[in-house]
Amino acid sequence: MPLHLEIVTTERVVFSGEVDMVTIPGSGGVMGVLPRHAPVLSTLRPGELRVRIGNEVYEYAIGGGVVDIHDNRVIILADSAERADEIDIARAEAARRRAEEMLKNPPASKEDLFQIEAALKRSRVRLQVARRYQRQFGSESNV
Amino acid sequence: MATPREIKRRIRSVRNVRQITKALESVAAGRVRRAQQMVEATRPYARLARELLANVAALSGGETRHPLLDTRSTVKAREVILISGDRGLCGAFNSNIARTAYQFMRESNVPVRFITLGKKGRDLIFRRGGRIVADFSPLPSRPTVLDISPAARAAIDDFLNGEVDEVYLCYTEFLSPAQQRPVVRRLLPLLAETLAPEQRPSAPRPAYEFEPEPSQILNTLLPRLTELQVYQALLESLASFYTAQRIAMRNATDNASELIVTLTLSYNKARQQSITSELLDIAGGAEALRQALEQAR
């Protein structure tokens with residue numbers, strides 16, 4: 001009995017289909033989800049999400065969000081989500097540098113600080129996921 | 001009567017104008033389609049988020065409580081996010097939406113302030129005495145949620161810290177390619193229909209485990225849903241804008257074609273006339289010459 005996984009962002013459906021297992025960066029820790037998992041509602045932290053279908057593993061960089069697991073359905077409402085091979089390393093790198101730069105002069109409001117920190121985390125995850133993908137499959141682009 | 005040469009010059013310039021309006025027409029048509037597709041692409045998230053909210057609501061005793069859902073008993077100030085176009089060449093699109101916003105402002109019994117997305121609406125409402133607290137123009141050509149996030153964030157903040165008690169979205173709704181209309185919709189506090197799932201899931205609610213508590217999940221989801229509303233409104237407004245522009249440009253193209261026909265006609269007439277008068281001149285000259293010769297003989 002396979003799991004049905006949906007990864008959606010406000011802008012598009014990133015993934016929709018049957019999978020064997022997903023590993024999710026929950027805010028309380030990484031969750032490995034197999035079929036017949038107990039119902040869970042959880043928030044997510046920026047991190048990598050792995051999808052296993054047969055012998056293939058796909059990686060996604062997730063920028064936080066919420067997950068709803070019930071009845072063999074895993075629904076991920078992500079703030080952002082990209083598959084490893086979609087990530088533009090140059091852009092992620094630029095975003096990371098920008099965020100680091102901004103943190104050198106911390107902004108007045110706490111909210112802004114959180115936002116910048118979240119952006120930094122997101123870009124780091126993106127880079128991590130993208131670099132691992134490159135090492136694995138060689139680099140055709142983005143270098 | 002203009003000379004044939006002058007008319008010819010005008011024909012040429014009208015033809016150039018027609019080329020431009022024609023190009024703009026087809027560009028606008030493409031953008032309408034793109035904006036529509038982008039609106040479609042936001043639907044799955046909205047649907048799934050609503051289902052999830054319904055589950056959270058059911059679990060926390062039927063009623064979901066969160067500051068973004070709280071209706072305040074007294075409303076002392078309102079905020080309007082006004083979405084318009086950055087450019088003209090779109091018929092009455094911008095003045096229609098600005099008029100709707102102005103009417104809302106006049107009919108409101110409490111002060112109204114504006115957050116504007118789009119230059120034209122900003123300028124129009126400003127000229128009519130609207131108070132603008134933030135402006136996020138110009139609009140990006142390919143908007144993402146990230147682009148409107150600051151505008152939505154500003155409205156959420158103003159609402160949460162009590163500066164305003166209600167936030168509205170004023171934009172041009174895209175009903176169909178043939179029908180768009182300016183509307184004012186409440187954004188905050190979030191409306192029940194915004195949150196209600198499209199169809200009630202009939203299955204019994206699963207006994208969820210929460211990681212962290214439900215309020216955290218609302219904290220993540222509700223601002224997202226608010227942003228999504230603004231994003232959808234912007235996309236619909238864009239689709240409507242380009243539709244208006246397409247129609248305006250098609251009319252301009254048609255007018256230019258008509259003008260070319262009229263001008264060509266007067267060009268031919270003017271040319272004919274000049275040929276006739278030249279012929280008369282030659283004939284008259286020849287006749288005079290003949291008479292002079294006859295007299296001399």
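So you know, we letter chains A, B, ... as the sequences are listed, proteins then strands, and number each from 1.
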Chemist: Kindly check if the number of other-residue, nucleotide or ligand heavy atoms within 6.0 Å of CZ (B/Phe104) is above 12?
Modeler: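 Yes, because the 6.0 Å sphere around CZ of B/Phe104 holds more than 12 heavy atoms from other groups.
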Chemist: Around atom CZ of A/Arg45, are there more than 12 heavy atoms of other residues, nucleotides or ligands at under 6.0 Å?
Modeler: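 It does: A/Arg45 CZ has more than 12 such atoms within range.
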Chemist: Using only non-hydrogen atoms and a strict under-4.5 angstrom cutoff, which residues of residues 5-14 of chain A touch chain B?
Modeler: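 Within residues 5-14 of chain A, the residues under 4.5 Å from chain B are A/Glu6, A/Val8, A/Thr9, A/Thr10, A/Glu11, A/Arg12, A/Val13.
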Chemist: Is it the case that more than 12 heavy atoms not belonging to B/Arg33 sit under 6.0 Å from its CZ atom?
Modeler: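 Atom CZ in B/Arg33 is not crowded, with 12 or fewer foreign heavy atoms closer than 6.0 Å.
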Chemist: Once rounded to the nearest 0.5 Å, what's the spacing between atom CD1 of B/Ile217 and atom CG of A/Leu41?
Modeler: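 These two atoms lie 4.5 Å from each other.
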Chemist: Report which part of B/Leu235 has an atom under 4.5 Å of a heavy atom belonging to chain A: side chain, backbone, both, or neither.
Modeler: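 The answer is neither part of B/Leu235.
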Chemist: Report the distance from atom CD of B/Glu51 to atom CD1 of A/Ile75, rounding to the nearest 0.5 Å.
Modeler: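 One finds 6.0 Å between CD of B/Glu51 and CD1 of A/Ile75.
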Chemist: To the nearest 0.5 angstrom, please state how far the CG atom of B/Leu146 sits from the CG atom of A/Asp79.
Modeler: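 One finds 9.5 Å between CG of B/Leu146 and CG of A/Asp79.
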Chemist: With a sphere of 6.0 Å drawn around CZ of B/Arg131, does it hold more than 12 non-hydrogen atoms of other residues, nucleotides or ligands?
Modeler: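 12 or below, so no.
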Chemist: Quick one: are A/Leu77 and B/Leu52 in side-chain contact, heavy atoms under 4.5 Å?
Modeler: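 Heavy-atom side-chain distance check passes, below 4.5 Å.
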